[in-house]
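The following block contains the structure, expressed as structure tokens.
Every chain is numbered from 1, with letters handed out A, B, ... down the list of sequences.
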Amino acid sequence: MIRLEHVSKRYGNTVAVDDVSLEIETGLVCVLIGPSGCGKTTTLRMINRLMEPTSGRILVGGRDISTTRPEELRRSIGYAIQNVGLFPHMTVAANISVVPGLLHWDKKRIARRVEELLALVGLDPYAHAAKYPSQLSGGEAQRVGVARALAADPPILLMDEPFGAVDPMTRERLQTQFASIQQALKKTVILVTHDLDEAIRLADRIAIMESGRLVQYDTPEVMLARPANKFVHDFVGADHALKRLSRIKIGGYVKPAATVRVNASAQEIASALGGHRWGWVVDEAGRPVGWIDARDLPSAASLSEAIVRADTDEIAVARTATLREALSRMLGNGMKSIPVIDGQGRFLGEITLRDIETATAEAEP
Amino acid sequence: MLMFARLAGHDSIAFGGSVIGLLSLLFGWLELKPNRLAAGTGLSMWQSAGWLATAIVIVLWLICLALSLSGGKALRAAVIGMAANLLLFANFAFAGLTASGLLREEAAFSRVSLGAGIWISVFAAYLLIFSARQKLKGSPLWRGVVSWSGLLAVALLLGLGWLNDVSVVQEFMGNQERFSQELVQHVLLFGGSVAAGSVLGVLLGIWAARSGIAEKPVFFAANVSQTLPSLAFFGLLIAPLSALSSAFPALREMGIRGIGATPAVLALTIYSLLPIVRNTYLGLRQVDPAVIDAGLGMGMSRGQVFRRIELPLSAPLVLEGIRTAMVQAVGNTAVAALIGAGGLGYFIFAGLGQAAFDLIMLGAIPIIVMALVADAAMRFAVKAASPKGTAVPGQ
Ligand SMILES: Nc1ncnc2c1ncn2[C@@H]1O[C@H](COP(=O)(O)OP(=O)(O)O)[C@@H](O)[C@H]1O
Ligand SMILES: [Mg+2]
């Protein structure tokens, strides 16, 4: 889909990008990563001709982009940047409508598209379409930035630190959301970041750069397991194993576990535990609200006294979470197993520390 | 004393205005002169307008004084503002009445002119109006009423002939034709120069913002021109323009000479450049580069980025620059009369020459009113041009 062939960019004596060759397959997320000033932004901006390479050529869909008019090329490539760059004098809806407008879509189609996109990035169209950028929070603005980049449904998306300017919690939420949008839309994405966790979380391929040169281009798993040189090794850090865990979803490791209803009788509990020492306690809606230890039962004055209550959000992890999140949750709560829940918060099963150990050993590519 | 200071802290501008207003009664309110140029005798308000009129004015000033000490609610500000406008109106209305009464008993050439007391009252009333305006930010209607009603009422008095026996107005009657001629000339001089300055200033501002090479020389030139006193500037232009005009008779036929309208328009245009160039430059430079990058990256052409992003985002600041230039040019145009360009300055300098205070006022009052109106109109334009969702400059 996108091919860089021996692309270089010089500013006077500075070589910002040095003989980079790279091929990005359709539908994959390629993350450009490296220390500040290594040429990531320059590489990205050459793909939509905001900058022209000094030498080499770039092909998009097999065609040399230097033969396409820059404006035309850019209208077919979504562009989202760290500072968002929303037009402050236009409403959210007008911001999103810019590229469709440039492509002369009719008004009704644009209005429908705006609604669709706001819903896609998790913003209520009725509440947000008429707002001005100054009325948005940082996270909302970044979402609108992504919606705007997707407006004309471009097959390619260029993103320069699109989640850079928000707090870590919001960033994580935006990343998760972007991952699920990407799963549905399957765009060809080039995303620039200097945040390794973001790269590992989102990338199908990671391209790591050092002072203008492409040092390694691989899947995250391979890059973590077999860094090409000392630079990459140092860049990805010593905690490879931990980082690999964030590539693995919990889904495949969930196991069934004994559950007890909050209002169960002693007899029901005994049969539910079926000789196990521990059981998860769920409420009427099926959400885990604590656990029970069979050895506490005889001495407890009542059943409710025997239940160790806990906040669902604190002990449980979602099925869509990664093993790394599960591990961090376990360590944080000092538990060897934790419940896994679905989107509605209902109990699905549990995941144990032993499962994670096994996964770590298996994940070696 | 401490108590006094603490109380005065409530609204020191309105408090000061009220005190000045009361003190103004100690000065000559009207001046009775045997003829147009002779020195006159000052008359206090109670001597000329009588105790009733004086009592009304004193009560109004006292109301303002009391309210200025009682804190700054919007309702109180509105009352103070309206009282100040009423004072403005009352001073002129009583002056007109009294002047007519006085003249009936005097010789044919006698004049009644407005004394220092009235001008001090006007100043005091505008202090009150100014402080009231500040507190009425929330309601544009009241703000407008408080700002303009007194001035309009005085204009109405003028139109109805109520003030016809006041010497400034008599001066106007004697110079009616000349007045309208110079008024038109003034508007043409200042309007033409600001229009030319706006076009040139915006172009230079764009150039300075775009090109690293242009930035320094453009600002150097604009700054230097601004530091020259206007009269010196007019004078400086006389020599080269006369030389040009005698060297090329064709130019002379087009009206280009060392004195007259040409050097005036030239100097006024150059004067108006700095605020316009500066604000155009700032207006364009304050546009977030990320916004322009996003526009280009989404496929807007350079022209589309300019028209749809940079222009609307910088327009309020550019207009704010034009407002400054306009207010400044209204006053500077008065000086242009000195090099034979005409305009309302003619009356000011003629009046200075003859020591005829009323003639000076005949030139100065319309200039002040024009400056106020231009300022208000441009403020409105700035506000109207500020896109929703962005801040209005200067507010
Ligand atoms: N317009 C420019 N003029 C001169 N040098 C530039 C320009 N843009 C970037 N550079 C230089 O090119 C190098 C790469 O910059 P950039 O691509 O922005 O790095 P990154 O995005 O990885 O932080 C840096 O050394 C930077 O100083
Ligand atoms: Mg960068």
Heavy-atom cut-off 4.5 Å, strictly under: side chain, backbone, both or neither for A:Leu86 against chain B? backbone
For A:Asn95, is it the side chain, the backbone, both, or neither that has a heavy atom closer than 4.5 Å to a heavy atom of chain B? backbone
Given heavy-atom pairs under 4.5 angstrom as the criterion, report whether the side chain, backbone, both or neither of B:Leu313 touches chain A. side chain
Is it the case that over 12 heavy atoms from other parts of the model lie below 6.0 angstrom from the CH2 atom of B:Trp148? yes
Contact leader toward chain B among A:Leu102, A:Leu103, A:Asn83, where contacts are heavy-atom pairs under 4.5 Å: A:Leu102
Could you tell me if the side chain of B:Lys388 sits less than 4.5 Å from the side chain of A:Thr91, heavy atoms only? no
Check each atom of A:Arg69 against the heavy atoms of chain B and say whether the ones under 4.5 Å are side chain, backbone, both or neither. neither
Just how far is it from atom CG of B:Leu296 to atom CZ of A:Arg49, taken to the nearest 0.5 Å? 13.0 Å
Between B:Pro387, B:Ala294, B:Ser386, B:Pro289, which has the largest tally of heavy atom pairs under 4.5 Å with chain A? B:Ala294
Heavy atoms only, distances under 4.5 angstrom: which of A:Ser76, A:Pro133, A:Pro88 has the most pairs with chain B? Name it, please. A:Pro88
If you compare all heavy atoms of B:Ile309 against all heavy atoms of A:Phe87, which two are closest, and at what distance to 0.1 Å? CD1-CE2, 3.3 Å
B:Asp293 side chain near A:Tyr79 side chain, heavy-atom distance below 4.5 Å: yes
Would you say A:Arg74's side chain and B:Gly297's backbone share a donor-acceptor pair under 3.5 angstrom? no
Indicate yes or no: at least one non-hydrogen side-chain atom of B:Met298 is less than 4.5 angstrom from one of A:Arg75. no
Just wondering, are more than 12 heavy atoms of other shown residues or ligands nearer than 6.0 Å to CD in B:Gln286? yes
